[in-house]
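Contents: one structure, followed by commentary.
Keep in mind that what you see is a predicted model, and the values were worked out from it rather than measured.
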Amino acid sequence: MNTKKLNCSLNNTTELRNLIIENPDLPLLIFCGEDAWHDEYPYEQADVGKVGIQELTLYDNYWLDKDDYEEELANDLSDEEEYKNMSDEEYDQMIKQKVTDTEFVKAVVIYVG
């Protein structure tokens, strides 16, 4: 008889199950890191790194939380001619307003790999 226990990527599913039960209307987003696939087989098991509720927006084909989005936006727009004459305070306020005006999706998020 084989008594070896198989290693599962998420042994305790209580947290994920509760997040889904408590938030049935939220979408489920699954993000896979480079460790999730090694190009040897069409599907490979990978470890779950983190599970939680997050608010994200899609920017330049990347899902970002508010802090990362604000940082990327500030970096990307810093060389734009229309913002060159703004003071640092004006520029920061403009970026914060753009973040406020951006739609964010609240979702159950799973990070794999």
Side-chain angles (χ1 to χ4, degrees):
M1 176 176 206
N2 185 0
T3 59
K4 181 180 177 186
K5 186 168 178 130
L6 295 177
N7 184 23
C8 294
S9 65
L10 189 59
N11 287 318
N12 184 352
T13 61
T14 303
E15 181 181 5
L16 177 59
R17 183 175 38 254
N18 287 341
L19 286 173
I20 293 170
I21 290 170
E22 293 167 5
N23 302 280
D25 296 331
L26 294 184
L28 179 64
L29 294 174
I30 302 171
F31 297 113
C32 299
E34 61 187 26
D35 292 338
W37 186 54
H38 298 284
D39 199 25
E40 290 184 34
Y41 302 100
Y43 296 96
E44 294 183 35
Q45 178 180 341
D47 291 329
V48 173
K50 183 170 90 169
V51 175
I53 303 287
Q54 287 188 277
E55 290 188 37
L56 304 171
T57 192
L58 191 59
Y59 178 69
D60 198 24
N61 292 322
Y62 296 100
W63 287 97
L64 303 172
D65 65 17
K66 286 184 182 179
D67 291 338
D68 289 340
Y69 174 64
E70 184 174 339
E71 185 177 325
E72 286 295 316
L73 196 60
N75 289 337
D76 289 350
L77 298 181
S78 64
D79 292 331
E80 295 292 322
E81 194 62 40
E82 64 185 292
Y83 307 118
K84 290 274 187 197
N85 294 327
M86 286 185 166
S87 68
D88 288 346
E89 293 79 22
E90 290 172 324
Y91 185 76
D92 290 343
Q93 185 59 38
M94 180 272 302
I95 293 297
K96 287 189 185 310
Q97 186 60 50
K98 286 187 176 292
V99 172
T100 299
D101 294 343
T102 299
E103 179 183 355
F104 284 80
V105 173
K106 188 174 183 180
V108 176
V109 181
I110 302 171
Y111 290 91
V112 178

- With a 4.5 Å heavy-atom cut-off, do Glu71 and Asp67 have their side chains touching? no
Rounded to the nearest 0.5 Å, what separation is found between the [atom1] atom of [X] and the [atom2] atom of [Y]?
X: Glu70; Y: Asp92; atom1: CD; atom2: CG; result: 8.0 Å
X: Leu19; Y: Leu28; atom1: CG; atom2: CG; result: 10.0 Å
X: Asp101; Y: Lys96; atom1: CG; atom2: NZ; result: 13.5 Å
X: Ile20; Y: Asp25; atom1: CD1; atom2: CG; result: 12.5 Å
X: Ile53; Y: Leu26; atom1: CD1; atom2: CG; result: 5.0 Å

- Message: Run Asp60 and Glu72 through side chain to side chain contact (heavy atoms under 4.5 Å, CB included) and show every step you take.
- Response: CA-CA 10 Å; Asp60 198 24; Glu72 286 295 316; over 6 Å; no
- Query: How about Asp76 and Tyr59: does a side-chain donor come under 3.5 Å of a side-chain acceptor?
  - Reply: yes
- Tell me, yes or no, whether the heavy-atom count around Glu80 atom CD, taken from other residues, nucleotides or ligands under 6.0 Å, exceeds 12. yes
- Step through the shown structure and confirm whether more than 12 heavy atoms of other residues, nucleotides or ligands are within 6.0 Å of CG on Asn85. no
- Just by distance, do the side chain of Thr57 and the backbone of Leu64 share a donor-acceptor pair under 3.5 Å? no
- So, does Ser87 use its side chain to make a donor-acceptor pair with the main chain of Glu90 at under 3.5 Å? yes
- Message: Under the rule for side-chain contact (heavy atoms from CB on, under 4.5 Å), what residues qualify as partners of Ala74, not counting sequence neighbours?
- Response: Tyr91, Ile95
- Message: According to a hydrophobic-cluster definition based on side-chain heavy atoms being under 4.5 Å apart (Ile, Leu, Val, Met, Phe, Trp, Tyr only), do Val112 and Tyr62 belong together?
- Response: no
- Task: Using the rule that two of Ile, Leu, Val, Met, Phe, Trp, Tyr join whenever any of their side-chain heavy atoms come within less than 4.5 Å, decide whether Tyr111 and Leu16 are in one cluster.
- Result: no
Work out which heavy atom in [X] is nearest to a heavy atom in [Y]; give both atom names and the distance.
X: Leu29; Y: Ala107; answer: CD1-CB, 3.8 Å
X: Tyr83; Y: Leu77; answer: CD1-O, 3.6 Å
X: Lys84; Y: Ser78; answer: NZ-O, 4.3 Å
X: Asp65; Y: Phe104; answer: C-CE2, 4.1 Å
X: Val51; Y: Glu15; answer: O-OE2, 3.3 Å
X: Phe31; Y: Leu56; answer: CE1-CD1, 3.8 Å

- Message: Run the side chain to side chain contact (heavy atoms under 4.5 Å, CB included) test on Gln97 and Met94 for me, step by step, so that the C-alpha distance in whole Å, both residues' side-chain angles and the decisive distance to 0.1 Å come before the verdict.
- Response: CA-CA 5 Å; Gln97 186 60 50; Met94 180 272 302; 5.7 Å; no
